[in-house]
Asker: 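Okay, handing you the structure first.
These numbers come from the heavy atoms of this one structure, side chains and all, not from hydrogens, waters or symmetry mates. Every chain is numbered from 1 and lettered A, B, ... according to where its sequence line falls, protein lines coming before strand lines. Quick caveat: nothing in here was measured; it's all calculated off a predicted structure.
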Number of protein chains: 2
Amino acid sequence: MPKATIDDVAGLAGVSIKTVSRVVNAEPNVRQATRERVLNAVRALNYRPNASARSLAGDRSYLIGLLYDNPSANYVTDLQYGVLAACREQHYDLLIHPCNYKHSGICEEVVGLVAQSKMDGVLLTPPLSDTETVVAALQQARIPFVSIAPRQSDEGAVCVATDDHQAAFAMTEHLIALGHREIGFISGHPDHRAMARRLEGYREALRAFDVQPQQHLVVQGYNSFESGEACARQLLLRKEPPSAIFASNDDMAAGVMMVAHQMGIAIPAGLSVAGFDDTPIARQIWPPLTTVQQPIKAMAETAAQILIGRLRGQTEIDTAPVIPSQLVIRQSTAVLP
Amino acid sequence: MPKATIDDVAGLAGVSIKTVSRVVNAEPNVRQATRERVLNAVRALNYRPNASARSLAGDRSYLIGLLYDNPSANYVTDLQYGVLAACREQHYDLLIHPCNYKHSGICEEVVGLVAQSKMDGVLLTPPLSDTETVVAALQQARIPFVSIAPRQSDEGAVCVATDDHQAAFAMTEHLIALGHREIGFISGHPDHRAMARRLEGYREALRAFDVQPQQHLVVQGYNSFESGEACARQLLLRKEPPSAIFASNDDMAAGVMMVAHQMGIAIPAGLSVAGFDDTPIARQIWPPLTTVQQPIKAMAETAAQILIGRLRGQTEIDTAPVIPSQLVIRQSTAVLP
DNA sequence: AGCGCTGAAGACAGCGCTGTCATTCTAACC
DNA sequence: GGTTAGAATGACAGCGCTGTCTTCAGCGCT
């Protein structure tokens with residue numbers, strides 16, 4: 001079957017191509033009977049509008065871009081699945097673009113890419129959404145975008161916000177409730193604003209429950225399993241090691257558990273360990289890891305819906321929804337003996 | 001800066017738009033001096049050809065699709081990075097399309113998708129590349145495609161082949177060399193041809209080294225961590241448990257190790273465990289897992305290069321390169337005491 | 001000098017759609 | 001019944017490029 005064009009459909013339905021166009025694009029002002037006649041013709045010919053022609057004429061590509069720079073495969077695929085769900089629903093296609101947020105030419109790269117590939121808009125994810133130069137470049141180039149980012153009062157940018165602060169507070173509260181007072185904290189990569197929020201949440205919980213914060217119990221990690229190992233050694237080799245360690249992500253928490261195993265420390269009997277993100281690894285280590293589950297997929301889907309809505313001209317939508325995360329208590333945390 | 005069109009460039013360079021088109025598309029028959037004049041104008045105006053116009057006129061979209069149905073985030077992102085590397089080099093864009101290979105309408109879905117999004121060609125990955133109906137539908141619709149798939153003599157389809165058989169043979173040989181004779185094998189999902197090849201490799205190695213194959217030492221897994229656990233219980237609760245277990249993938253091997261830990265079996269002292277794939281988890285469990293590393297990224301990149309080459313009209317390329325995988329010996333396998 | 005020939009460049013017609021504006025129809029009102 | 005606002009439809013010009021065909025200059029040959 002040769003691919004049908006809009007003319008074929010118009011001919012079969014006995015209307016002008018413009019009317020077919022109206023029906024296909026769900027525009028108003030078409031009589032119900034006409035609409036059905038056209039739809040039948042579309043089905044009969046298995047007509048698919050030509051995306052290129054449509055883009056060229058309409059100056060819209062029905063393509064959105066997903067920009068990311070994140071080494072976690074799970075995070076990336078969760079993002080993609082969420083965005084794809086929204087795209088499919090709205091008949092948009094997705095272009096993915098991993099990039100290096102530290103690259104000096106990142107702004108030109110991003111703007112150039114959007115121009116080149118004719119994206120209608122882009123989705124920005126951490127740490128790109130935390131990189132102010134990129135955000136500014138996008139704004140300046142008037143490229144529609146929506147960020148996924150920690151909650152933030154400043155900036156007018158549209159974003160789907162995470163509640164890292166609150167979740168870290170809740171996790172710390174959980175540890176305190178178990179009787180822990182010496183709670184080590186492994187902070188995350190300094191370029192990720194979400195990581196800073198997690199540290200704040202931890203600190204605020206200590207304050208809220210009158211636990212004496214100790215500077216040396218907070219060590220700087222860099223999100224990787226290996227950095228988790230290094231930080232764990234630093235914390236556990238002290239003369240007075242903490243009774244619990246809260247790592248800013250699961251990979252580092254897994255690193256902590258690896259080191260604990262090697263040092264012969266039982267978990268959770270001798271050490272409670274908590275992570276953040278609820279990646280698959282949380283359930284694949286022993287004991288299963290207490291962590292925080294952030295609905296990445298839902299956030300990505302929401303962000304994509306908002307972006308596409310804006311591209312369609314909507315503006316009255318909620319400009320910064322916060323998607324709540326959830327504590328997942330497993331077996332790596334226990335009451336202080 | 002308003003976006004420049006080909007007319008602007010032609011005007012500035014003092015040539016016709018067709019000549020600009022020739023230069024931009026690296027076509028022959030343009031004098032060197034003219035070419036340079038045009039290129040200067042392109043740079044001066046920061047000209048980017050309009051992808052939609054180009055597609056419409058040239059009946060090419062410079063878009064390729066990556067089809068997959070795989071729950072492993074690492075696998076998927078490796079694929080993507082490989083394909084993207086080739087795309088970037090060749091100025092193609094990538095559309096990703098996760099799908100459900102068991103869905104009954106999968107063939108129509110795939111063909112429809114390609115038509116809809118105007119993809120020039122697609123990349124097929126396991127288990128889609130193992131699904132004959134999909135392959136047939138693509139061939140019938142005359143959609144150019146390249147598969148990533150286990151080596152296979154039949155079919156004329158262009159593919160980048162894996163050497164699962166050989167790698168599994170090598171791993172089994174490694175275990176035999178360590179003195180193991182009772183080697184349990186956890187096979188993978190039956191719909192993945194690669195998994196069948198791994199089982200064959202195991203069997204052939206037993207035969208080659210005169211180890212008595214035992215039917216009950218081969219149990220059926222389904223690629224997941226949980227199925228690895230179940231299979232491990234089945235193998236380890238026998239009165240004469242194997243001294244080594246070779247799982248068809250790392251997740252299942254991790255499941256085996258989890259069960260062994262729970263049963264108080266030391267690894268590798270009491271049990272050698274081997275996996276396949278070299279996913280990050282292999283290094284994040286204790287002890288680090290002996291496994292097989294298959295260069296997914298390189299395979300994907302090669303496949304994309306071949307596909308793009310074909311789209312460009314090349315045909316004399318190697319039609320079925322085999323990318324060799326590599327044994328990674330870590331600490332989960334040891335000499336039989 | 002006249003011939004054909006090749007390489008370099010341009011003219012021109014669309015690709016299949018959408019935006020704009022003109023036109024026709026419908027129905028509700030006086 | 002005549003008007004008229006508004007809904008429904010159509011005519012038409014291009015969006016920015018590429019494919020095809022044409023033109024023309026320059027060259028070697030007889």
Asker: Report yes or no: does A:Asn25 contribute a side-chain atom to a donor-acceptor pair with the main-chain N or O of A:Arg22 at less than 3.5 Å?
Answerer: no
Asker: Please check: side-chain N/O of B:Ser55 versus main-chain N/O of B:Arg60, any donor-acceptor pairing under 3.5 Å?
Answerer: yes
Asker: Can you check whether B:Ser52's main-chain N or O pairs, donor with acceptor, with A:Ser52's side chain at less than 3.5 Å?
Answerer: no
Asker: Would you kindly give the CG-to-P distance between B:Asn29 and C:dG10, to the nearest whole Å?
Answerer: 13 Å
Asker: Looking at B:Ser16, does any N or O in its side chain come under 4.0 Å of the phosphate oxygens OP1/OP2 on C:dA9?
Answerer: no
Asker: Hey, what do you get for CE (B:Met119) to CG (A:Asp93), rounding to the nearest 0.5 Å?
Answerer: 6.5 Å
Asker: Measuring from A:Ile64:CD1 to A:Phe145:CZ, what's the distance to the nearest 0.5 Å?
Answerer: 14.0 Å
Asker: Strictly under 4.0 angstrom, non-hydrogen atoms only: write out the protein contact profile of nucleotides 15-28 of chain D, one letter per nucleotide from the 5' end, B, S or -.
Answerer: BBBBBB--------
Asker: Between A:Glu132 and A:Arg193, is the closest basic N to carboxylate O distance under 4.0 Å?
Answerer: yes
Asker: Take the C1' atoms of the five end pairs on each side of the helix from C:dA1-D:dT30 to C:dC30-D:dG1, get both axes, and report the angle to 10 degrees.
Answerer: 40°
Asker: Looking at CG of A:Asn50 and NZ of B:Lys118, how far apart are the two atoms once the value is rounded to the nearest 0.5 Å?
Answerer: 4.0 Å
Asker: Please round to the nearest 0.5 Å and tell me the distance separating atom OH of A:Tyr62 and atom CD of A:Gln90.
Answerer: 11.5 Å
